[in-house]
Every structure is written in structure tokens, then in C-alpha cells.
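Reading through the C-alpha cells given below for one structure.
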Number of protein chains: 2
Amino acid sequence: MNQRLPVQGPQGDLLRLVATGRAESRAELSRLSGLAASSVSLRVEELIDAGLLAEEGAGTSRGGRRPRRLRLSPGAGVLAVADLGAHHVRLGLLDLSGEPLVVEERSCDITDGPRRTLDRIADAFDELLTEHVPPGVPLRGVGTGVPGPVDPVTLRVVTPSRMPGWNDFPVAEHLATRYDLPVLVENDANLMAAGEARWWPGTENLMVVKAGTGIGCGVIAGGRLHRGRGAAGDISHVRVRSDSSTVCACGHPDCLEAYASGAALMTALAEAGVTVTRPADIVTLVNDAVPEATSLVRHAGRRIGEVLTVLVNFFNPDVVAVGGSLSAAEPLLTSIRAAVWERCLPLATRDLEIAPARAGRDAALRGAGALLLEAALTL
Amino acid sequence: MNQRLPVQGPQGDLLRLVATGRAESRAELSRLSGLAASSVSLRVEELIDAGLLAEEGAGTSRGGRRPRRLRLSPGAGVLAVADLGAHHVRLGLLDLSGEPLVVEERSCDITDGPRRTLDRIADAFDELLTEHVPPGVPLRGVGTGVPGPVDPVTLRVVTPSRMPGWNDFPVAEHLATRYDLPVLVENDANLMAAGEARWWPGTENLMVVKAGTGIGCGVIAGGRLHRGRGAAGDISHVRVRSDSSTVCACGHPDCLEAYASGAALMTALAEAGVTVTRPADIVTLVNDAVPEATSLVRHAGRRIGEVLTVLVNFFNPDVVAVGGSLSAAEPLLTSIRAAVWERCLPLATRDLEIAPARAGRDAALRGAGALLLEAALTL
DNA sequence: CGGCTTATCTTCGAAATCGAAGGAAGTGAG
DNA sequence: CTCACTTCCTTCGATTTCGAAGATAAGCCG
């Protein structure tokens with residue numbers, strides 16, 4: 001079942017251009033790859049013969065002959081990806097275009113430690129594979145997101161705050177013992193950003209804010225995921241302006257997370273006598289026009305927006321996409337926008353779009369697919 | 001005198017690798033370009049015959065035969081670059097490795113408007129060229145930095161605060177009428193970052209803070225200059241935490257610039273009865289241990305550091321380089337460091353280096369050269 | 001409908017690129 | 001010093017890639 005793609009350099013490039021949706025025809029491949037049209041035709045023929053690419057009807061004309069659309073052959077392979085949360089893991093199989101074939105959610109406790117958790121994920125992968133993938137279609141790559149920082153060099157989890165037992169654990173190596181394949185391990189917010197990026201074509205610089213139980217942020221800079229040293233995108237422990245003083249779990253006063261995260265809002269609601277168990281419940285309360293909830297969410301949005309002003313001035317993105325379970329609450333986005341428009345430089349906000357995330361619930365899985373394709377379709 | 005390089009794709013790549021100092025021998029060129037060693041040899045031979053490359057002795061052995069060092073031929077051409085400030089312009093000629101040949105500083109008033117200012121720069125270029133460049137050595141590119149935001153697409157200056165008459169002026173087009181050559185127009189802090197980048201080899205993610213009359217910042221992300229939509233790197237109008245409330249020239253309260261810029265410090269010193277005319281004078285005062293000056297600089301450093309905490313968490317750079325005329329004051333760097341170490345995530349500061357800028361006074365000119373080489377050595 | 005324009009894809013000789021093999025010029029160990 | 005080994009660079013035949021030209025298939029427009 002394990003089998004690397006027999007695709008060398010230039011062929012891999014072509015395959016990747018099709019897989020990532022950047023090219024749909026030979027002509028587009030020629031334009032994007034820089035290769036001559038004739039060379040592309042030859043290569044594509046080989047890829048079709050190898051069962052990796054397939055022709056699928058005709059595309060839309062741009063004024064001349066209609067292109068013959070290319071797509072990855074369904075039999076070319078699948079990817080197995082997971083997004084690990086604190087209490088749940090969302091996992092599934094993708095085709096080589098990064099489109100989900102099956103997705104399911106299982107409960108799992110991350111505090112069980114890396115071995116048991118990862119093995120359970122791998123078991124789930126195997127189940128899905130036998131159930132949904134015809135024999136002969138190879139698994140081409142495995143990837144998982146984790147709710148903590150990942151060292152981009154060693155692919156180990158580093159000093160995660162809510163993952164006891166995971167510190168410095170070689171996640172990728174562990175998975176690699178079970179799958180002799182390209183393995184991806186990445187922070188969940190980064191995966192979400194990578195997944196979101198496909199929904200904003202032409203957007204070179206993108207920030208994706210994940211407002212859920214915690215507050216995460218993933219960054220696309222120059223069209224590529226910005227990792228920094230593995231911790232990039234952390235905005236939850238930025239100090240916010242505040243009258244009172246709340247100490248965050250990290251030990252510092254007045255972290256954004258302590259005021260504007262789903263967890264903080266739930267605590268505040270509990271103090272006001274309203275009991276909720278998930279951030280999504282807050283959204284329900286807001287939609288039911290419960291004043292305490294609305295006011296809290298609006299406040300949280302302002303706080304997030306104030307932090308974003310700094311980052312928008314500095315990073316000057318084309319788009320800020322807001323996702324996560326809390327983002328379904330209208331007032332959140334509205335007040336983020338208000339804060340940013342008010343305080344940012346006109347030049348930075350001139351063409352800035354602050355919009356709801358588009359990639360939906362499978363954003364992280366799609367992101368894992370997108371990143372894996374880069375690795376799995378080379379060499 | 002004007003002449004484009006007769007260098008197509010692959011050759012241009014090779015030339016650029018040598019010019020930017022990334023490769024010094026045929027073997028390195030082969031490794032970095034991905035071309036076969038034999039092809040590189042052929043190409044290099046052609047480039048030498050064309051008078052663009054030259055062999056220069058032998059390099060140091062890596063355990064085998066010593067490489068024959070390659071460098072750009074001194075006769076291959078020069079670049080003319082300028083860095084425009086409010087009252088001065090620093091300009092000079094570079095060889096095609098980006099090394100300065102002549103640099104001089106002239107006074108000039110940016111409020112004279114773009115035409116007169118640019119023409120004066122061009123006149124200065126012509127003088128330098130006739131004086132310092134033998135006839136036959138062609139000018140290969142022209143570039144200038146401006147103290148305001150530049151739209152990376154149109155190469156026009158956009159809404160500059162201190163450049164009356166420059167708004168939306170087509171700087172590049174104006175220069176292009178005089179020079180039929182690649183023309184570069186870029187924000188001065190961005191140029192400084194590009195120039196600094198060469199002094200931090202292996203550093204993919206770099207922030208360069210320029211502390212002078214104003215506060216600027218340039219960003220290198222993934223090894224490339226990050227422009228955003230042209231305004232990236234602006235940190236001067238970030239809101240800082242403050243007891244009192246000072247309104248900045250931009251209309252917002254408590255901008256970093258209003259507290260920590262050289263201009264703000266000079267104002268504060270004047271109020272304390274100490275008159276200074278340039279930010280460099282503040283450094284002198286600090287070195288003479290004038291308590292008011294030291295205290296002010298230390299305060300400014302803290303403020304800058306507090307803003308940097310947000311950005312370091314978010315961007316997670318390898319290096320923060322601090323330059324500009326104020327950076328020569330020891331306490332500035334010290335207090336920036338203190339603020340960042342204190343408040344940033346341990347993961348973000350684990351391998352972070354906060355250090356004085358290395359590129360010196362010609363950083364911006366060198367940066368202009370580095371960016372121009374990318375453009376001038378292609379096609 | 002029938003030219004005109006635009007675009008996609010293929011064919012085939014010319015040109016560039018590769019890669020294996022080998023010579024040249026070093027290092028280091030015995 | 002000699003010998004094994006490494007790295008750098010070139011030579012030369014095999015292969016790949018290019019690019020101009022042509023075939024094919026549309027859309028546009030009176």
C-alpha cells in the first residue's frame with residue numbers, strides 16, 4: 001500500500017500544479033511551469049500513461065479553443081490527514097487534489113500522551129483506508145496538526161502548554177515508523193491558514209485568525225506558510241490595554257487570551273450566571289440576543305481588533321480571514337473591523353479585506369493536504 | 001552608456017548567484033542553480049568571454065581541488081543608487097556585486113517636490129559616472145529609496161506624511177525617461193532591511209528596526225523582502241501603553257513615534273532645557289552620561305521593545321537588527337532587549353538574536369543594489 | 001453562415017542540457 | 001613520499017527541451 005510517487009523533478013512540478021488547482025490545462029501548465037508547450041504535452045502524456053493524471057472533458061474557453069481539462073486520476077493515490085484538538089481529533093482521507101473523500105471526528109484525549117494518541121490516529125487511518133479506498137490505490141502521505149508549536153526542522157512538538165507528555169516528542173519519526181512515506185506535522189493554526197489560502201486565490205499575504213477555545217493565528221507571507229522558528233502566528237499572549245489586571249496561565253498579566261478567548265468568555269458568562277460548555281454555545285446565545293453574551297463577544301472582538309491593528313500595520317496583509325467556532329457570532333467580526341479601521345494606517349486598510357474564513361470545518365485537513373502535496377509530489 | 005545586460009534566463013541566474021555572493025565557483029553555481037556542472041562550465045565560459053565574469057585566483061579547498069574563484073568583472077557595469085532623506089540624500093555607485101565604489105552625501109530638500117529632487121539626484125549620478133567610471137563600463141540600473149511608502153506595483157509614492165507634492169508621483173517612470181534601464185523605487189526602511197540581510201547569512205526571517213528621527217522597520221520573510229501592499233513594516237503608529245496621552249501628528253493618541261522617535265526625544269530634551277539638533281546629538285549626550293538623555297533613551301527603548309514583543313511573538317524572526325542614528329546609544333538596545341525577553345514567549349526568544357545592525361551607513365544603498373541586481377541581471 | 005481572431009495542442013528538426021567518465025589539483029593518513 | 005580519497009572542472013555522446021509551424025477547435029460578428 002505504501003509507495004512513493006515515481007515522479008522526478010519536472011514531472012513532479014506539473015503534477016503539483018494540477019494538484020494544487022493552479023493549472024487545469026496543458027496551456028496553463030506551460031505558462032506556470034515555464035516549460036515549452038511541447039514539453040508539457042510530452043510530460044502530461046507520460047503522466048496519463050502512468051495513471052496519475054486524467055483528462056476530464058473540456059474547460060471554459062478564453063476566446064479560443066477550449067482547453068482539455070486535466071485532473072489527478074482518482075486512482076493516483078490518497079492522503080491521510082488528521083487535526084488533533086484537545087478532546088477531539090478530526091481526520092480523513094483526501095484525494096491528490098486535496099479534496100476530502102471521507103472525514104470523521106472521534107473523541108480522544110490528548111493528555112494520554114503522544115504514543116497512544118498517535119497510534120489511535122493511525123488505527124483510524126487504517127480503518128478508513130480499508131473501508132473507503134479500493135486496493136491498488138496507494139497512500140501517498142500522512143499528516144497531522146497538533147494544538148501546539150512545532151519545530152519546523154525536527155518536526156517535534158516544543159513546549160506545548162496543553163499537551164503534557166508531548167514536549168520534544170518526535171511526532172514525525174513516530175509516524176514514519178508506521179508509514180514509510182512523507183510525513184507532515186504542523187501546528188493547527190498554520191494548517192488552517194494553509195487550507196484557507198486556497199480559497200483566496202491571488203492573495204499573497206494572508207492572516208487567518210482562529211477564534212475558538214483559544215486564539216490562534218496562521219500567516220501566509222508571499223504565498224507561502226510563514227513558520228518563523230515554529231512559533232510564528234502566536235497572538236494569544238500579546239498584552240492588551242486594560243483597566244483591571246488579569247493574570248494569564250502563562251504568568252504574564254493581561255494576555256489577549258485571558259480576555260478574548262472562548263475559554264475566557266465562558267468563564268465570564270459563568271460568573272454572570274450563564275453556564276455554557278462550548279464556545280459554539282456562546283454563538284447560540286448571541287443569536288438569541290442574550291445581552292451579556294453579545295456584549296462580551298463585542299468586547300472580545302475589540303480586543304482582538306486592537307491587537308490586529310499592530311499586526312496589520314506591520315504585516316500589511318491583503319486579507320484577514322476570521323475563523324474558529326466563535327467567528328460565527330456576527331458581532332465578533334464587526335467589532336474586529338471597527339477596531340482595525342479606526343486605528344490602522346489608511347494605507348494599510350485601503351485594500352484590506354477582513355472577512356469570515358471560507359474553508360469551513362475541514363480547513364486544517366485541507367491545509368495538511370496542501371502542504372503534503374508539496375512534499376509528496378516531489379522526487 | 002545605457003545598455004541592458006545581454007543575459008537570458010539561465011545565464012542571468014548564474015550571474016546573479018555570483019553577484020549576490022551566494023556562489024564563488026563553478027561547483028557552487030552548479031549546486032545552487034541545479035544545472036549540471038558541464039552546463040555551468042559552458043555558461044561561465046560564455047559569460048567570461050562576454051566580459052561579465054572574471055576569474056580571480058583560487059579559493060579555499062574543501063578537501064579536494066581548490067575552486068577557481070569567480071567574480072563579476074569590474075568592467076561589467078555599475079549601478080547608481082540613492083537614499084533620499086528629509087534634508088539629505090546619500091548616493092553613490094556600486095559595482096555589480098553591490099559593493100560601493102563611491103558614496104557621497106548631498107543636502108537637498110525633499111519639499112522641493114519630486115521633479116527637482118529627482119533631477120538633482122540624476123545630475124549627481126551623471127557627475128559621479130563621468131568622474132569615477134571609465135568609458136565603456138555601462139550603467140546597468142538605477143534605484144532610489146524614499147522616506148515614505150511605495151506601492152510595489154506602480155512604484156509610486158503613496159500618502160507620504162513628510163513629502164508634500166510627492167503623493168502618487170510616478171517616481172520610477174520619471175527616472176525611466178532619463179535612464180532606459182531597470183529602475184528601483186523603494187521605501188528607505190525596506191532598503192535598509194535588504195542591505196542588512198546580506199550580513200546575516202542563513203537568516204530567513206529578519207526584522208530591521210531603524211531608530212533615527214523617525215522609527216522605521218523593514219522585514220525579510222523567508223529570505224525575501226516583505227512589502228505587503230507597500231506599507232509593511234510600519235511600526236511608528238502603533239499605540240503604546242501610556243499613563244498620559246499624547247496626540248501624534250497622524251491624529252491618533254499615543255503612537256510609538258510620539259514617544260520613542262528621535263524627534264520626540266529631541267522635543268523632550270528641549271523641554272528639559274537641553275537643546276539638540278540631530279538624533280546623533282542625543283547619542284553624544286548619553287555617552288557623556290547626561291542623566292536626562294540616558295533616562296529618555298532607556299524609556300524609548302522600553303517602548304520600542306514593548307511593541308516588538310507583539311511582533312516577535314507573531315513573526316518569530318531569527319534576528320532583530322537595530323540600526324539608525326539612535327542605535328549607537330547603548331541603553332537603547334539594552335532596554336529593547338529587556339522588554340522583549342521579559343514579555344515574549346520563551347519559544348519565540350529561545351534562539352532570537354537582538355543585535356546592532358551590521359551593514360553600516362550604506363545599508364540602504366547596498367540594499368538598493370541587492371534588489372536591483374535581481375532585476376538588472378535578468379533578461 | 002463564413003471569414004477573422006484567439007487559444008489549445010501536436011509535430012519535428014535544432015539547440016541546450018545532462019551525466020558518466022576522466023583529468024587536474026588539492027588533503028590527509030600511514 | 002606514496003596512496004587513497006575528495007573536490008573541481010572539462011570532454012563528449014545521449015537525451016531532453018525548445019520553438020516555429022501547422023493542425024484543431026473554439027468564439028465573435030456581421
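This structure is a prediction, so every number in the text was calculated from the model and none was measured. All heavy atoms count here, side chains included; hydrogens, waters and symmetry mates do not. We name chains A, B, ... by the order of the sequence lines, and we start the count at 1 in each one.
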- Message: Both Ala37(B) and Val40(A) contact DNA chain D. Which one's nearest nucleotide lies toward the 5' end?
- Response: Ala37(B)
- Task: Take Ala36(A) and Glu55(B), find for each the nucleotide of DNA chain D with the closest heavy atom, and name the residue whose nucleotide sits nearer the 5' end.
- Result: Glu55(B)
- Do Arg366(B) and Glu99(B) sit within salt-bridge range, that is, some charged N less than 4.0 Å from a carboxylate O? yes
Length of the [atom1]-[atom2] vector between [X] and [N], whole Å:
X	N	atom1	atom2	answer
Leu42(A)	dC9(C)	CG	P	14 Å
Glu28(B)	dC9(D)	CD	C1'	14 Å
Leu35(B)	dT16(D)	CG	P	17 Å
Ile48(B)	dC9(D)	CD1	C1'	12 Å
Glu24(B)	dC9(D)	CD	P	11 Å
Arg65(B)	dC8(D)	CZ	P	10 Å
Arg66(B)	dA25(C)	CZ	C1'	9 Å

- Message: Could you work out, with side chain to side chain contact (heavy atoms under 4.5 Å, CB included) as the rule, every residue matching Ser38(B), not counting sequence neighbours?
- Response: Ala36(B)
Is the shortest side-chain N/O distance from [X] to OP1 or OP2 of [N] below 4.0 Å?
X	N	result
Arg68(A)	dT24(D)	no
Ser41(A)	dT10(C)	yes
Arg43(A)	dT16(D)	no

